[in-house]
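All values below come from the heavy atoms of this structure, side chains included, with hydrogens, waters and symmetry mates left out.
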Amino acid sequence: TPTLPKEVAGRGDLVPTFRAAAQEAGVPADLLMAMAYSESRWNPDAVSSAGAIGVGQLMPRTAAWVARDLMGEPNLDPRKPADNIRMSARLLRWLLDQAGGDVTRALAMYAQGVDGVRRNGIKPSSVKYAERIAAMRPQFA
């Protein structure tokens, strides 16, 4: 079990969920956990000013698309931590595939949108986002 940052220590029961979702989606568990930590501090009730929901901070339309089209499970609920984590893992897998395995590019796509990265390249803020997540990964290994 990783030594979790203090902000998520009380949510350590989510670690098995992260690991199972990462394995199911074929993504590194430490990457998934660090990304979700950066997004919400693993808070299942988090809602951003833009309307992103839950642990992985999924936009409702993105969550619906991932559940329906990528996972074939349209009834998944992004407000439920286990569902949100599974959808976040599957979205991360898809983004890694779109980015040819480049973790920085995939995380930039998560942060600024796939079309935004394709049209405008990776913004400096997205590079910092990816660097922050990379630096956190050892805490979740």
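Using a 4.5 Å heavy-atom threshold, the side chains of V103 and L31 count as touching. V117 places none of its side-chain heavy atoms less than 4.5 Å from the side chain of Y110. V55 places a side-chain heavy atom less than 4.5 Å from the side chain of F18. Contact check for L107 versus I133: side-chain heavy atoms found under the 4.5 Å cut-off. Using a 4.5 Å heavy-atom threshold, the side chains of K123 and S126 count as touching. Between S88 and L32, some side-chain heavy-atom pair lies under the 4.5 Å cut-off. Within the 4.5 Å cutoff, no side-chain heavy atoms of Q139 are placed close to those of D30. Between Q112 and S125 the shortest side-chain heavy-atom distance does not fall below 4.5 Å.
Annotation for R61: atom CZ does not count as buried by contact number, only 12 or fewer foreign heavy atoms lying within 6.0 Å.
Using bins of under 30°, 30° to 60° and over 60° for the plane-to-plane angle, the ring pair W94/W65 lands in the perpendicular bin.
Closest heavy-atom contact between W42 and L14: O-CD1, 4.0 Å. Considering all non-hydrogen atoms of both residues, P44 and R11 come closest at CD-NE, 3.9 Å. Taking each heavy atom of E39 and G56 in turn, the nearest pair found is CG-O, 3.9 Å. Closest approach of T104 and A130 over heavy atoms only: CG2-CB, 3.9 Å. Listed here is the closest heavy atom pair of P138 and A134: CD-O, 3.6 Å. Here the shortest heavy-atom pairing between N84 and G54 reads ND2-CA, 3.6 Å.
Atom-to-atom distance recorded for R90:CZ and L58:CG is 13.0 Å, nearest 0.5 angstrom. Remark: R137 CZ to R132 CZ distance equals 15.0 Å, nearest 0.5 Å. For the atom pair CE (M59) and CD1 (I53), the distance works out to 8.0 Å, reported to the nearest 0.5 Å. Distance check, rounded to the nearest 0.5 Å: CG of D97 to CG of L70 gives 9.5 Å. Atom CG of L96 and atom CZ of R105 lie 12.0 Å apart (nearest 0.5 Å).
Among the candidates M136, Q57, M33, the single residue satisfying the side-chain contact (heavy atoms from CB on, under 4.5 Å) test with S38 is M136.
Hydrophobic clustering keeps V47 apart from L91 (ILVMFWY residues linked when any side-chain heavy atoms are closer than 4.5 Å, directly or through intermediates).
Side-chain atoms of R93 come within 3.5 Å of backbone N or O of G26 as a donor-acceptor pair.
Using a cut-off of 4.0 Å between Lys/Arg side-chain N and Asp/Glu carboxylate O, R86 and E73 are scored as salt-bridged.
Remark: R41 is positioned above the aromatic ring of Y37, its terminal NZ or CZ atom under 6.0 angstrom from the ring centre and at most 45 degrees off the axis.
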